[in-house]
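First up is the structure itself, then whatever we jot down about it.
Nothing fancy with the numbering, it's 1 onward along the sequence.
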Amino acid sequence: METLFTRLLNYYHLSEDEYAQLVRPVTTTTFTGDHYFDNMNDCVALLKRAMSHNKKIFIYGDYDCDGVISISILVKMFALLNYPIAYHVPNRYSDGYGLNAKRAEEIVNSGYEFIITVDNGVTAFEGISYAKEHGLEVLIIDHHQPDAILPNADAILHPQISNFGSTPTSAGFTTFMFAKAMLGRFEPYLSVLAAISLISDMMPLIDYNRDFLRLVIANYQDHLYPSIDLLKENEPFNEVTIGMKIAPKLNAVGRLIDNDLDLRKTIDFLTSDDPELILNYNSWINSVNTERKDVTKNASENSKEVDVSEAAIVAIVPEKEGVIGLIANSFLKKYHKPTIIFALDQTGEYYKGSCRAPKGFNVVDAFKKLDDLMETSGGHSMAGGCTIKKQNFDAFRDRFIALATQTIIEEEVEEIIPLYLNEITFENFDLINTFSPFGENWPSPKFMLSRIRVASLMYSRDGKHVLTAIGNNAKISGFYFSKEKLSQYQYVNLIGTLRLSHYYNRTSLEFLVSEIINSEKSENV
């Protein structure tokens, strides 16, 4: 029988040498050894020269989690450099995505001489052209898919354009690397912010992304970063907590808030040292996140009229455009089809759309083929956004569905690792976690316990949940797998994951059941 270690190596397609490389220690000094931006020195020199001439600097970011983190990193960086700046968090509803000509004109008229765009800019031709025509210097820090022609900026720091590496990474990470070069040191709190952005923007957790996240998680210390401690709610700082608690809260503000002053609260929350302000703004962020949950739940419950029979899902919903990405994502998960959800914008003349797609359907390529029907568009291979005129909706829908019909969607076959009852040990739990952090392109492993005799299972008092002790301070838990439901089987195959369970002062190891498959019926049924 293969050892669990061998099965894990096979699952991740690793040799033992590659595993050794995967788990090697990462330090702040060794992290950047093999990766660098070709033009980092030029970007740093450009900004330092502007600062030496006391130029007025303006930061223009984005409204999502990656965007506000990128702004926050720069705000903290300039505070450490003791240099005054101004910034703007775009309003999703009135500004849209990216530096536009109207905002560029306001920046020019306010006397600013240097603009830094973060998490946008690589496709902001109109706004950047206006700034350049009026004598401003422009530094773009971005990670989005660039066009063949680039904006006329003085410098562009971009993982692809600057030859940092082939693995996509976030704007927050790119901005952190810039701040590190500007400060000449690795600032721990800024690294925490950047690590959050990797998860929030669903960057692949391989290569430098994974090493960076490992480094930050290992070095995180509670009580050093009050705002992050509040967001994570006493949970450990890791990829699960970032994805389940921290990132959704920071994203909720940009999705729902339609007030420029309120949008700035998130930046203040992440950059302030005032305990009272941090507590107050945390409560506010939580309330916005609760509203986000309610709106999304209601939208999902009221979406029964959406046509899901075609090769793609294209629909208009009555909700605010800030939640259409969440709705699109829920349809993608349920139906595994390219999905684009539209909502009417504030003018009543345009539909704003958010697209999510499975592997095999490239959103950016699709948008290029539909460019004649769109006012704006942008995004990544599996997610994007666009704006269309109301009268173009029918034509857009028909052509988008036609593109999906011509596309071969890759079926996602989830691999399951065999596991035996005597392997559910704390030692093996630690072994599994040496492969973490888990996330995009690096999934958390799922395991299968085969041919478990149903008669050996124990249940909660009401019979609704499996709760079975298996020795060695370990147990099998299956919530809403009732005794009544399982009684029809003689043997069951349990799919699940391993996790630690904390109850009062006792910690146990839990095999948490998520699914029951290929089970054998009882002879009495």
Query raised in the report: Which value, rounded to the nearest 0.5 Å, describes the distance between Phe481 atom CZ and Leu467 atom CG?
Result: 12.5 Å
Query raised in the report: Hey, is CG on Asn433 packed in by over 12 heavy atoms from elsewhere, all under 6.0 Å?
Result: yes
Query - Between Thr174 and His143, a side-chain donor and acceptor under 3.5 Å - result: no
Requested in this report: Could you tell me whether the side chain of Glu510 reaches within less than 4.5 Å of the side chain of Leu500, counting heavy atoms only?
Outcome: no
Query - Check: Phe435 ring centre within less than 6.0 Å of Tyr12 ring centre - result: yes
**Report entry** Polar side-chain atom of Asn120 near backbone of Val118 as donor-acceptor pair, under 3.5 Å
**Finding:** yes
Requested in this report: Give me the ring orientation class for Phe186 and Phe176: parallel if the planes are under 30° apart, tilted from 30 to 60°, perpendicular past 60°.
Outcome: perpendicular
Report task. Check the side chains of Thr290 and Ser287 for a donor-acceptor pair under 3.5 angstrom, ignoring hydrogens and angles. Result -> no
Query - Reported CG-to-OH distance for the pair Leu263 and Tyr63, which is rounded to 0.5 angstrom - result: 11.0 Å
Requested in this report: Decide yes or no for Val192 and Asn219: does some side-chain heavy atom of the first lie under 4.5 Å from some side-chain heavy atom of the second?
Outcome: no
Query - Short N-O contact, Asp222 and Lys232, less than 4.0 angstrom - result: yes
Query raised in the report: In terms of side-chain heavy atoms, does Arg499 have a donor or acceptor partner in Thr497 at a distance below 3.5 Å?
Result: no
Query - Residue that, paired with Asp262, satisfies side-chain contact (heavy atoms from CB on, under 4.5 Å) out of Thr266, Asp258, Asn259 - result: Asn259
Report task. Would you indicate whether the side-chain heavy atoms of Ile495 and Ile516 approach each other to under 4.5 Å? Result -> no
Report task. Would you mind checking if Arg92 and Glu321 are paired as a salt bridge, meaning a charged N to carboxylate O distance below 4.0 Å? Result -> no
Query raised in the report: Would the Phe447 and Tyr11 ring centres measure less than 6.0 Å apart?
Result: no
Report task. Write down the atom of Ile242, the atom of Pro248, and the distance for their closest heavy-atom approach. Result -> O-CD, 3.7 Å
Query raised in the report: Side chains of Thr241 and Asn238: is there a donor and an acceptor less than 3.5 Å apart?
Result: yes
Query raised in the report: Counting only heavy atoms not in Glu2, do more than 12 fall under 6.0 Å of its CD?
Result: yes
Report task. Please assess Thr3 against Thr6 for the test side chain to side chain donor-acceptor pair (under 3.5 Å), listing each intermediate value before the final yes or no. Result -> CA-CA 5 Å; Thr3 65; Thr6 300; 3.0 Å; yes
Query - Short side-chain donor-acceptor distance under 3.5 Å, Asn473 and Ser508 - result: no
Query raised in the report: Within a reach of under 6.0 Å around CD of Glu484, are more than 12 heavy atoms found that belong to other residues, nucleotides or ligands?
Result: no
Query raised in the report: Step by step, would you call Phe212 with Phe173 a ring-ring contact (aromatic ring centres under 6.0 Å, His included)?
Result: CA-CA 9 Å; Phe212 184 75; Phe173 174 83; 5.1 Å; yes
Requested in this report: Indicate the atoms forming the closest heavy-atom contact of Trp442 with Arg210, along with that distance.
Outcome: NE1-NE, 3.8 Å
Requested in this report: Give a yes or no on whether the backbone of Asp201 and the side-chain of Asp66 come within a donor-acceptor separation of less than 3.5 Å.
Outcome: no
Query raised in the report: Should Arg255 and Leu326 count as side-chain neighbours, where that means a heavy-atom distance under 4.5 Å?
Result: yes
Report summary line: The reported gap from NZ in Lys475 to CD1 in Ile424 (rounded to nearest 0.5 angstrom) is 12.5 Å
**Report entry** Closest approach of Arg24 to Arg214 (non-hydrogen atoms, all atoms of both residues)
**Finding:** O-NH2, 2.8 Å
Query raised in the report: Hey, are Glu233 and Lys249 close enough for a salt bridge, meaning a charged N less than 4.0 Å from a carboxylate O?
Result: yes
Query raised in the report: Any ion pair linking Glu415 and Arg7 (charged N to carboxylate O, less than 4.0 Å)?
Result: no
Report task. In sequence, state the C-alpha distance, the side-chain angles, and the governing distance for Asp307 and Ser309, and then conclude on side chain to side chain donor-acceptor pair (under 3.5 Å). Result -> CA-CA 6 Å; Asp307 184 5; Ser309 64; 2.6 Å; yes
**Report entry** Working for side chain to side chain donor-acceptor pair (under 3.5 Å), residues Ser460 and Asp462
**Finding:** CA-CA 5 Å; Ser460 57; Asp462 59 9; 2.6 Å; yes
Query raised in the report: Hey, is CE on Met448 packed in by over 12 heavy atoms from elsewhere, all under 6.0 Å?
Result: yes
Query raised in the report: Rounded to the nearest 0.5 Å, how far does OH of Tyr489 lie from CG of Leu457?
Result: 13.0 Å
Report task. Please answer whether the main-chain N or O of Gly172 pairs with a side-chain N or O of Ser70 as donor and acceptor at a distance below 3.5 Å. Result -> yes
Requested in this report: Check whether any side-chain heavy atom of His336 lies under 4.5 Å from a side-chain heavy atom of Ile409, and answer yes or no.
Outcome: yes
Requested in this report: Please lay out, stage by stage, how Thr468 and Tyr459 fare under the test side chain to side chain donor-acceptor pair (under 3.5 Å).
Outcome: CA-CA 7 Å; Thr468 304; Tyr459 301 86; over 6 Å; no
Query raised in the report: Hey, is Glu187 close enough to Arg185 for a salt bridge, meaning N to O under 4.0 Å?
Result: yes
Report task. Find the distance between CH2 (Trp284) and CG (Leu277) and round it off to the nearest 0.5 Å. Result -> 11.5 Å
Query - Side-chain donor-acceptor pair present, Tyr281, Asn286, cut-off under 3.5 Å - result: no
Report task. Would you mind reporting whether Pro168 and Pro159 have side-chain heavy atoms less than 4.5 Å apart? Result -> no
Requested in this report: Measure the spacing between CG of Leu193 and OG1 of Thr175 and express it to the nearest 0.5 Å.
Outcome: 10.5 Å
Query raised in the report: For Gly478 and Val513, which heavy atoms make the closest approach, and how far apart are they?
Result: CA-CB, 3.9 Å
Query raised in the report: Within a reach of under 6.0 Å around NZ of Lys446, are more than 12 heavy atoms found that belong to other residues, nucleotides or ligands?
Result: no
Query raised in the report: Can you name the nearest heavy-atom pair linking Pro204 to Asn209, along with the distance?
Result: O-ND2, 2.9 Å
Query raised in the report: When you check the side-chain N and O atoms of Thr30 and Thr27, is any donor under 3.5 Å from an acceptor?
Result: yes
Report task. Without swapping roles, check the side chain of Lys352 against the backbone of Cys386 for a donor-acceptor pair under 3.5 Å. Result -> no
**Report entry** Over all atoms of both residues, closest heavy-atom pair of Phe31 and Tyr208
**Finding:** CE1-O, 3.5 Å
Requested in this report: Classify the side-chain pair Thr434/Tyr19 by whether it contains a donor and acceptor separated by less than 3.5 Å.
Outcome: yes
Query raised in the report: Should Lys265 and Asp268 be marked as a salt bridge (Lys or Arg N to Asp or Glu O under 4.0 Å) after you check the CA-CA gap, both sets of side-chain angles, and the distance that decides it?
Result: CA-CA 5 Å; Lys265 289 181 179 179; Asp268 291 339; over 6 Å; no
Query raised in the report: Going by heavy atoms in the side chains, are Asp64 and Val68 under 4.5 Å from each other?
Result: no
